Amino acid sequence: MLRFLTAGESHGESLTAILEGFPAGVSIDQDVVNNELARRQKGYGRGQRMQIEQDRVEILSGVRGGRTLGSPITLRIRNRDWENWKEVMSVQGVTGDARTVTRPRPGHADLAGGIKYGHKDLRNVLERASARETAVRVAVGAMARILLGRFNIEVLGHVLSIGGSKVSGEKLSRPQMGPAVENSPVRCLDKTVEKEIIERIEKAQSEGETLGGTFQICAFDVPAGLGSYVHWDRRLDADLAMAVMSVPAIKGVQIGLGFESAHRLGSQAHDAINFERSKGFFRDTNRAGGVEGGVSNGETIVVEAAMKPIPTLTDPLPSVHFISKREVSASVERSDVTAVPAACVIGEAVVAFVLANHMCVKFGGDSIEEMQRNFQGYLTYVRNL
Ligand code: EPS
């Protein structure tokens with residue numbers, strides 16, 4: 001089983017993750033991880049913070065001579081902005097009023113977090129609630145991607161909508177999703193919609209507004225048989241939903257047709273089963289999004305997520321002062337207009353992690369050689385069904 005923890009504040013010294021259960025013997029190229037970190041930092045609509053940061057991973061344990069050891073892997077990303085926050089965020093000796101936050105932003109963790117942890121300064125909440133934490137989750141996801149790559153599994157995402165401008169859903173293949181998405185400043189495959197989105201972001205910025213949106217994550221060449229129907233916490237779709245929902249600002253997740261399937265007749269909601277000797281079992285449609293009964297069925301896994309607009313508005317909503325209880329405007333922190341393109345990269349990372357974990361569970365995760373032996377044996381069995 002693969003698992004990880006992360007630590008670190010948004011303006012603290014660094015973000016750290018400990019990744020445990022990663023098989024031994026996997027070659028790790030740090031550039032692959034750094035490339036994923038750079039992809040997350042891009043996207044039209046981000047704020048000034050992304051000009052300060054240049055995320056780079058440092059691997060502090062679990063890798064020797066470029067290969068994983070099977071022991072816990074420590075990943076660290078330093079916050080360059082820490083230089084500007086050293087006093088405010090210092091481990092000891094912070095003065096009482098250093099950049100205190102007392103006007104909770106509707107939609108942010110500020111108020112609920114302050115009540116829960118008994119903080120008077122809501123900075124103590126927002127520093128950890130900040131989506132900055134996702135940088136190190138993307139580093140973990142990059143490690144998962146490297147592992148999945150050994151089994152020819154690839155996870156790719158693209159933006160479906162931002163601020164209400166939306167691409168029409170169509171079935172995409174693995175080659176269609178690569179470079180075209182990378183070349184779009186909003187990770188959108190439709191050029192007309194891309195233009196509309198950019199206009200909407202510019203308008204929102206000039207009005208002190210923020211925008212949400214939706215994105216789709218596809219996992220290609222996942223074998224049938226990951227996850228299980230036998231118990232609730234072994235269901236692959238449940239794990240995917242949990243992982244994607246855990247990305248800050250995600251308010252909805254669906255797999256395949258998702259909510260739309262509730263409105264269809266049974267005959268229009270499922271995928272008829274075909275068989276050809278050369279292909280094995282296959283479907284002409286993929287309404288299930290690659291998961292049936294909590295188990296991958298061999299079709300592309302398709303997950304969609306809805307992200308709410310970022311709560312920090314430069315024209316803020318009414319709020320209440322956390323201490324004096326006076327009516328005030330919510331606090332204005334430097335922020336982004338939209339982070340949907342970044343969330344799409346984070347979505348890829350968390351989906352990759354879930355799939356890598358399920359690969360380890362099914363095929364054994366002590367060494368890559370053992371996993372590959374088990375995988376090949378399973379493929380032979382499936383081919384001869
Ligand atoms: C964030 C607020 C902004 C974003 C940040 C998430 O940071 P700051 O308050 O420092 O300007 O830029 O995102 C990142 C730092 C990142 O790496 O994605 C928030 O409140 O969630």
Side-chain angles (χ1 to χ4, degrees), residues 6-17 33-57 75-89 98-101 103-114 121-142 186-187 201 204-205 208-213 215 246-251 307-314 316-317 319 330-350:
T6 74
E9 276 73 40
S10 179
H11 304 101
E13 191 169 356
S14 60
L15 300 160
T16 308
V33 182
N34 287 330
N35 183 48
E36 291 304 313
L37 296 178
R39 291 176 74 229
R40 193 198 70 96
Q41 288 202 264
K42 285 193 231 154
Y44 195 75
R46 305 269 351 235
Q48 293 145 0
R49 177 76 186 270
M50 285 307 97
Q51 288 152 30
I52 299 171
E53 303 299 341
Q54 252 181 359
D55 296 337
R56 309 280 301 169
V57 73
L75 306 168
R76 177 168 70 187
I77 299 169
R78 290 177 193 267
N79 291 322
R80 284 167 59 129
D81 207 14
W82 157 248
E83 286 299 326
N84 307 317
W85 289 80
K86 266 185 176 162
E87 279 170 28
V88 177
M89 293 303 296
R99 312 250 344 223
T100 306
V101 178
R103 293 178 291 137
R105 290 161 292 172
H108 208 281
D110 298 348
L111 179 59
D121 178 2
L122 302 179
R123 175 159 303 286
N124 292 336
V125 176
L126 71 88
E127 283 293 335
R128 180 65 185 160
S130 166
R132 175 72 188 146
E133 182 263 353
T134 61
V136 79
R137 264 200 268 178
V138 168
V140 169
V186 289
R187 307 197 82 74
I201 293 173
Q205 182 156 34
E209 278 290 358
T210 56
L211 300 175
F215 58 85
S246 76
V247 175
I250 301 301
K251 297 299 275 186
M307 183 184 198
K308 68 185 179 184
I310 285 168
T312 308
L313 305 174
T314 46
L317 283 172
S319 183
S331 73
V332 181
E333 292 266 320
R334 174 189 63 187
S335 189
D336 311 318
V337 176
T338 188
V340 178
C344 180
V345 176
I346 301 157
E348 290 178 10
V350 299

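Each ligand, and each atom within it, is numbered from 1 in the order the structure gives. All figures in this text were calculated on a predicted structure; none of them were measured in a lab.
- Considering only residues two or more places apart in sequence or on other chains, Val88 meets the side chain to side chain contact (heavy atoms under 4.5 Å, CB included) condition with Trp85, Ala98, Arg99, Arg123.
- Partner of Ile77 under the side chain to side chain contact (heavy atoms under 4.5 Å, CB included) criterion, out of Val136, Val138, Thr16, Asn34: Val136 alone.
- Protein residues with a heavy atom closer than 4.0 Å to ligand 1 are His11, Arg40, Arg46, Arg49, Met50, His108, Ser130, Ala131, Arg132, Arg334, Asp336, listed by chain and number.
- When side chains are defined from C-beta on, Val101 counts as touching Asp121, because their heavy atoms get closer than 4.5 Å.
- When the options Arg80, Gln41, Arg334 are evaluated for a side chain to side chain contact (heavy atoms under 4.5 Å, CB included) with Arg49, the one that passes is Arg334.
- With hydrogens and angles left out, the side-chain atoms of Thr312 and Arg105 include a donor and acceptor closer than 3.5 Å.
- Proximity of Thr210 to Leu313: side-chain heavy atoms (C-beta onward) are separated by under 4.5 Å at one or more points.
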